[in-house]
Amino acid sequence: MNADPGYGAAFRPVWRAVLRDYRAGEGHRARARLGFLTPPEGRGRVVWIKAGAGPDSLRLGVELLGAVRDRRRDVRIVLTFEQDDPVLLPRLLQPWSKVGIGYGPCDRPRVVTRVLKRFQPCGIILAESAPPDNLLRRTLAPVAAVGGGAATAVATAWPISAARRDVWERSGQAAELMPAADPQARFAEAQADVVLRSLAGAGARRLWWWHGSAAQWPAWLAAWQAWPASGEDILMVSLDAGESPAGAMLKTSIWDRQGLPGGSLLHIDDPRWYAAAASAAHGVHLAQPGRGVLWQALAAGTAVSLGAPADADGLPVPILGTPAEVVAGWQELRGDDALRRTRGDAARRRFWEERRQVDENLATLMDRVWMW
């Protein structure tokens, strides 16, 4: 969750962003940034879901929107965000009634006053949003913070990890503090199609999935190519932030679904393939353990290792800091199916623990929304 200064409270970043919006032909975004927003037509009080920047925050906002709509048919709902996703939004949205969706306002004091006057919300949910200090100080409505950092006093806080819960607890800013649970676990596919495994080859050939950054890729590629098994097995590669790995390789977006020869490199260039990749892989290494890819790998029930500690608790996975350690770990998995199954079962159990806690937290949050 990276805060966009154009949605903060500082004068210069906000007005630079407004001018940039107008120059880009996005006057609607500039007007929203300045608080010229209108709630959806109809009757009923307004519940405002304020998402932060990035697709994870946006997806969480849509999930919360659906949960509120299911629980409260009498209210109007506004979902605002800082970053649009023209691919993600149409895929997630439903034809809900009395719902308004669009860019949100910055946190300048006059803008906050303008929005609160127009919305008059009965409650506000922050969906992995950077703490909007002016909004939190000026609203009289109860506020629930899902994810994000510790903020000015809120009614309910839902931290994503034990470490972040400790921060909230020390701050004393939440009237109610929920158990830690990462909402991203709710978006992982618990049952994925394993057709990728059969399409990529048969026999003793294994598939492996490596996920990291562009900076980490060259060192990993060298270690992979030096591993004798790399001439027979297949490596699936994905990079953080949607980057493309250096070097020519087949992309899943243009793959004709024909079997691949041993030694192939397959670029997973669409996150929608992550579930299939995790289910097909003999082992997964997340050199860059982002939250979404982490829970998807654990949900598949495969053997997972990480290149660095993740923002999650009690993960039954080894930390392998160098490419050489990863290759050694994969060599061990290649010759020990019992070890691979044991680690995979532990990973899947940990995923379901998180998923259950997320569902409990969501039910508790909707109980609070019912009282607004």
Side-chain angles (χ1 to χ4, degrees), residues 1 7 32 37 39-40 44-85 88-105 115 119 121-132 135-136 139 141-149 151 154-161 164 168 174-188 291-292 295 354-372:
M1 180 194 65
Y7 285 98
L37 296 165
R45 293 180 294 175
V46 171
V47 172
W48 179 12
I49 301 172
K50 185 181 185 301
D56 289 346
S57 177
L58 180 58
R59 185 168 188 176
L60 175 58
V62 174
E63 180 79 9
L64 293 168
L65 166 59
V68 173
R69 179 78 295 157
D70 288 343
R71 191 66 186 270
R72 293 290 301 270
R73 300 285 181 172
D74 59 313
V75 299
R76 293 174 291 164
I77 308 172
V78 177
L79 168 62
T80 64
F81 49 78
E82 299 175 9
Q83 184 178 330
D84 192 5
D85 190 320
L88 182 66
L89 266 182
R91 186 157 53 90
L92 297 178
L93 291 178
Q94 302 178 30
W96 287 295
S97 62
K98 299 194 295 184
V99 168
I101 299 172
Y103 286 109
V115 174
F119 285 0
C122 66
I124 301 171
I125 303 177
L126 304 178
E128 297 200 10
S129 171
L135 173 62
L136 292 170
T139 185
V143 177
V146 182
V154 299
T156 303
W158 172 348
I160 68 168
S161 67
R164 300 199 192 191
W168 273 104
E176 177 187 26
L177 191 54
M178 292 186 183
D182 189 347
Q184 294 302 319
R186 188 176 173 87
F187 306 137
R291 292 161 54 205
W295 293 115
E354 195 78 5
R355 174 72 73 86
R356 284 190 289 270
Q357 189 60 62
V358 169
D359 290 344
E360 290 178 15
N361 282 11
L362 184 60
T364 299
L365 178 59
M366 291 305 105
D367 288 344
R368 305 299 174 264
V369 171
W370 175 255
M371 302 300 294
W372 290 353

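Just so we're clear, the structure is a prediction, and the values are computed from it rather than from any experiment.
- Using modelled atom types, one side-chain atom of Glu354 and one backbone atom of Asp182 make a donor-acceptor pair closer than 3.5 Å.
- Residues Trp158 and Thr364 form no side-chain contact, since every pair of their non-hydrogen atoms from C-beta on lies 4.5 Å or further apart.
- In terms of heavy-atom proximity, Pro142 sits nearest to Cys122 at CD-O, 3.2 Å.
- To the nearest 0.5 Å, the span separating CG on Leu58 from CG on Leu79 amounts to 6.5 Å.
- The shortest heavy-atom contact between Ala51 and Ser129 is C-CB, 4.3 Å.
- Formation of a donor-acceptor pair under 3.5 Å by the Ser57 side chain with backbone atoms of Ala127 is found in this model.
- Remark: Lys50 engages Glu82 in a salt bridge, criterion side-chain N to carboxylate O under 4.0 Å.
- The heavy-atom pair separating Gln357 from Ala181 by the smallest distance is CG-CB, 3.6 Å.
- Between Leu136 and Ile124, every side-chain heavy-atom pair lies at or beyond the 4.5 Å cut-off.
- Using modelled atom types, one side-chain atom of Arg69 and one backbone atom of Val75 make a donor-acceptor pair closer than 3.5 Å.
- Between the Arg76 side chain and the Pro40 main chain, a donor and an acceptor come within less than 3.5 Å of each other.
- Side-chain contact between Val146 and Leu60 is present, with heavy atoms from C-beta onward closer than 4.5 Å.
- The main-chain N or O of Met366 is never found under 3.5 Å from a side-chain atom of Arg72 such that the two would form a donor-acceptor pair.
- With a 4.5 Å cut-off on side-chain heavy atoms, Val47 and Pro121 do not count as touching.
- The nearest pair of heavy atoms linking Trp168 to Gly149 is CZ2-O, 3.3 Å.
- Between Gly104 and Tyr7, the shortest heavy-atom contact is O-CE2, 3.1 Å.
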Checklist line | Step-by-step side-chain contact (heavy atoms from CB on, under 4.5 Å) determination, Leu64 to Leu362 | finding: CA-CA 8 Å; Leu64 293 168; Leu362 184 60; 3.9 Å; yes
Next item on the list: Given side-chain contact (heavy atoms from CB on, under 4.5 Å), test Ile160 with Arg291 step by step and report yes or no.
Entry: CA-CA 10 Å; Ile160 68 168; Arg291 292 161 54 205; 3.7 Å; yes
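- A pairwise comparison of heavy atoms in Asp84 and Tyr103 identifies CB-OH, 3.2 Å as the closest pair.
- Without hydrogens or angle criteria, Asn361 side chain to Pro179 main chain gives a donor-acceptor distance under 3.5 Å.
- For residues 359-372, the salt bridge (charged side-chain N to carboxylate O under 4.0 Å, His left out) pairs, not counting sequence neighbours, are Arg71-Asp367, Glu176-Arg368, Arg186-Asp359.
- Residues Trp295 and Val358 fail the side-chain proximity criterion, which asks for heavy atoms closer than 4.5 Å.
- How far CD1 of Ile77 is from NZ of Lys98: 9.0 Å, rounded to the nearest 0.5 Å.
- Under the ring pair (Phe, Tyr, Trp, His ring centres under 6.0 Å) criterion, no residue pair touches residues 58-77, with sequence neighbours excluded.
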Check: What's the verdict on side-chain contact (heavy atoms from CB on, under 4.5 Å) for Phe119 and Val78, showing C-alpha distance, side-chain angles and the deciding distance?
Finding: CA-CA 9 Å; Phe119 285 0; Val78 177; 3.8 Å; yes
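- Residues Thr80 and Ile49 form no side-chain contact, since every pair of their non-hydrogen atoms from C-beta on lies 4.5 Å or further apart.
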Margin query: As a quick check of understanding, evaluate side-chain contact (heavy atoms from CB on, under 4.5 Å) for Val143 and Leu126, giving each step before the final call.
Written below: CA-CA 7 Å; Val143 177; Leu126 304 178; 4.0 Å; yes
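- The backbone N or O of Ile125 sits nowhere less than 3.5 Å from a side-chain atom of Trp48 that would complete a donor-acceptor pair.
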